Amino acid sequence: MKTLFDIEQTDEPKGNDNQPENEFAYLDELNPVQRQAVEQITGPVMVIAGPGSGKTRVLTYRIAHIIKKGNAPYRILSLTFTNKAAKEMKERIEKIVGEQAARQLWSGTFHAIFARILRVEAEKIGYPSNFTIYDTQDSKNLLKNIIKEQNLNPDIYKPNVVYNRISNAKNNLISPQAYKAHAGLMENDKHANVPKIADLYGRYMRRCRQAGAMDFDDLLVNMYGLLKKVPEVLEKYQNKFHFLMVDEFQDTNLAQYLIIRTLADKRKNICIVGDDAQSIYAFRGATIENILSFEKDYPNVKTFRLEQNYRSTKAIVRTANEVINYNKKQIAKKIWTSNDDGDKIKLIEAANDSDEAKIVAGSIFETRLRNHFKNEDFAILYRTNAQSRLFEEALRKRNIPYRVFGGLSFFQRKEIKDMMAYLRLTVNNNDEEALRRVINYPKRGIGKTTTDKMAAFAVAEQKPLWEIAANIQLYQFSQRVKTGVGGFVNMIRLFMKHLQKEDAFELAQRIGRMSGLTKAIHSDRSVEGISRQENIQELFNSIKEFTDSKKEEAVELEDGSFAAADSSLGAYLQEVSLLTDMDQGEEDSNDKVKLMTVHSAKGLEFPAVYIVGLEEELFPSKRSKTQSDIEEERRLFYVAITRAEKQLTLSYANCRYKFGSLVYSEKSRFVEEISPLYLDMIGGKPAARERRFGSSSSYESFKESDSIGNNVRSAQKRNLQKKRAAVQPSAELVKNFKASPVLQIKPGCQVLHLRFGMGEILRIEGAADKPIAVIDFEHHGEKKIMLKFAKLMVVG
DNA sequence: CCCAGCCTGGTTTTT
DNA sequence: CCAGGCTGGG
């Protein structure tokens, strides 16, 4: 983290006449542009802030300034995008304005803040105040059920696809009715052979409503609906919030933008901060258009540009600029720095992914010694969460402590979801997904057939599933089922009786005990079983922490009176349902190497950054096909690069197992694109590679492998054996292949077309759906690589 | 009708 | 590597 900026102070700080000199001392820490943005607390303000330009500093100081100017903290609504950013902001503000004031601030993620408001106002739009928040998995499960009920083919109507389309519609505030009336969308769906999407959308919405549940997108949609449909609510919040601030504005979608605009409409004291070059959430509806709209909607906007980078070395800033310059769609600006040139950008080229991990771990080990870095100075950034595993292994082997962020978050673990489902169901009986999850866990003899039958009644009668369960006696079921379901319902009802009497911790313990869930988990003595127990224990600990802290806390209301904070189970669920990563354990990340996706690294900075897995189809993702997709990948790369303060290392594996295929990719698209600059940086020759650590031959693992390669997963091995038996190469192909000076084909394999040329670039053209080749080839003398292509692709 | 255990298929990124 | 689907035994 930065301690002090070495800023050239061109202006003498302008002390405010009415205030003691030191009152606004913090303003001295800002450069002239930053300071102007901070001091402009009224009217529409737009701050275009490049990476490392002190954006968070501007935001936090601006909030402090608003408060110091005599405005109550609860007049300020500050919205961010991720929990992590929100948390960091809160901490920094607290340091300036004190804990008391910071606590009254309305600061958090869009989703969290809107959920908080909706809790209070939900009944005005026909939702219970104890509504559940469905996570993605809940939503997809519900969709899957609906698709099945409608007798649609789940292979065509993939829950994933349906979910994404619905989510898209919601992010653009398109209702099911509007969707049906929208010719373009309907045409599109028809074309994609999924004409029933609009219908499913409507059904899904009704089911959520019936279950008293909102999904992530509903928090936005319903917030907007609330403001549009209930004038007194609109009035209330417009009067409540005198100042609005939005961070990472480039990542807002239409729904978010319209909500912000509506809330700010009365006073128009709205400040947005963003950087179009760091827009990396288009996939969930974010649009840079919002920046253009903002300028149009607020013609008298004051714009400030923060272009000086205080974070990174010249080498890093130059690389970043170089990368982003390939993008056509961007607002012109020049990020510069007065920092040192710094070290050259390093490139690691590894044979395969586990080798890559070893080399990176080795490099961290070495750099740490040489530069007296601490573990916490390092970050490994990757494109997908799944990539973390090999790096974890490699770091463990070298005894380097690390922490993985994101990934399978605590709350997505099965045992935690089960427990949470009980808690959710107790607070909101109508929560269908929770009910389905636990009605037969632990085993109560209520199987799939029974649940499906109950669900059919629920659909036919347009009632929540709980209603059927609660009145099971009225329906045609066997006595055994009736007893089982009846017992379950009574149990939940018993829990409900204690909702008011007991705090979240007491009630959760009761639920764990009486539901038999704790017992079921404790009876499992396997390794996973033990870890499950620990997780449940951790959950209980966190609930205890929650109740304890709430009991200490007295909430100061806006009229000055005090009230006891709510420590009930309902309050706990509300607070916790939008947490994705348990970053509660700050001490947990003390002096550890940090591993995370590039997306979650946004807003953070580290002295030394490794960007790994820079391979075609991985980073950039193979899902990125269109020009604008690629531009988003490039922005993502830009974000990753600009996290680095002093050292940046890029890394890729020559060949990587992906979905059963081993892909040779000598140069990733990115590396190639920045290569003129990159060559300059490493001294003109790509041969100046980082030394390999560990094994003398990076291809060791291949030599030791069996004929397919020891990294092939067992399932694929089985498959491959089957398929290989079926595929025979044509004589011509074998001949062509053998003509290649360095490539040899193994008998029994088929290759469509291979070309080898342009130095070390292996180019493979053509496409096939089947696995076809195992190839040995020479590389720098004796090295051998085995390749198996599930799908041929152009690489190089 | 339920359940345990095997098998297969799928994996971007976040709230 | 995990979750969900399928199958065969109870």
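It should be emphasised that the depicted structure is a prediction, and the values quoted were computed from it without experimental measurement.
Side-chain atoms of K144(A) lie closest to dG5(C) of the nucleotides dT13(B), dC2(B), dG5(C). Listed nucleotides: dT13(B), dT15(B), dC1(B). Nearest to the side chain of L578(A): dT15(B). Comparing dT13(B), dT15(B), dC2(B) by their closest approach to the side chain of T450(A) singles out dC2(B). Among dT15(B), dT11(B), dT13(B), the nucleotide with an atom closest to any side-chain atom of N160(A) is dT11(B). Nearest to the side-chain atoms of K443(A) among the listed nucleotides dT14(B), dA4(B), dG4(C) stands dA4(B). Distance from the side chain of Y281(A) is smallest for dT14(B) among the nucleotides dT14(B), dT13(B), dG4(C).
Take the nearest nucleotide of DNA chain B for T109(A) and for K453(A): the residue whose nucleotide is more 5' is K453(A). Along DNA chain B, the nucleotide closest to T449(A) and the one closest to E632(A) are compared, and the more 5′ of them pairs with T449(A). Nearer the 5' end of DNA chain C, as judged by each residue's closest nucleotide, is the contact made by R389(A), out of Q137(A) and R389(A).
E248(A) and K55(A) are joined by a salt bridge, as a carboxylate oxygen and a charged side-chain nitrogen come within less than 4.0 angstrom of each other. At a threshold of 4.0 Å, the pair E393(A)-R389(A) counts as salt-bridged, since one of the basic side-chain nitrogens sits closer than that to a carboxylate oxygen.
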Taking it one step at a time, do I117(A) and M223(A) satisfy side chain to side chain contact (heavy atoms under 4.5 Å, CB included)?
CA-CA 8 Å; I117(A) 293 174; M223(A) 181 71 203; 3.8 Å; yes
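A straight line from OH of Y163(A) to P of dT13(B) spans 14 Å, rounded to a whole angstrom. Look at CG on D418(A): it is 13 Å from C1' on dA3(C), rounded to the nearest Å. As a whole-Å value, the separation of L143(A) CG from dG4(C) C1' is 17 Å.
Under the stacking criterion of a centre-to-centre distance below 5.5 angstrom and an interplanar angle below 30°, F81(A) is not stacked against the six-membered ring of dT15(B).
Using a distance-only test at 3.5 Å, with no hydrogens or angles considered, no donor-acceptor pair links the side chain of D218(A) to the main chain of V221(A).
With hydrogens and angles left out, the side chain of R284(A) and the base of dT13(B) share no donor-acceptor pair within 3.5 Å.
In this model, the phosphate group of dT13(B) is not approached by any side-chain N or O of S600(A) to a distance below 4.0 Å at OP1 or OP2. Regarding contacts with the backbone of dT15(B), every side-chain N or O of N171(A) stays at 4.0 angstrom or more from both OP1 and OP2.
Between R424(A) and N428(A), every side-chain heavy-atom pair lies at or beyond the 4.5 Å cut-off.
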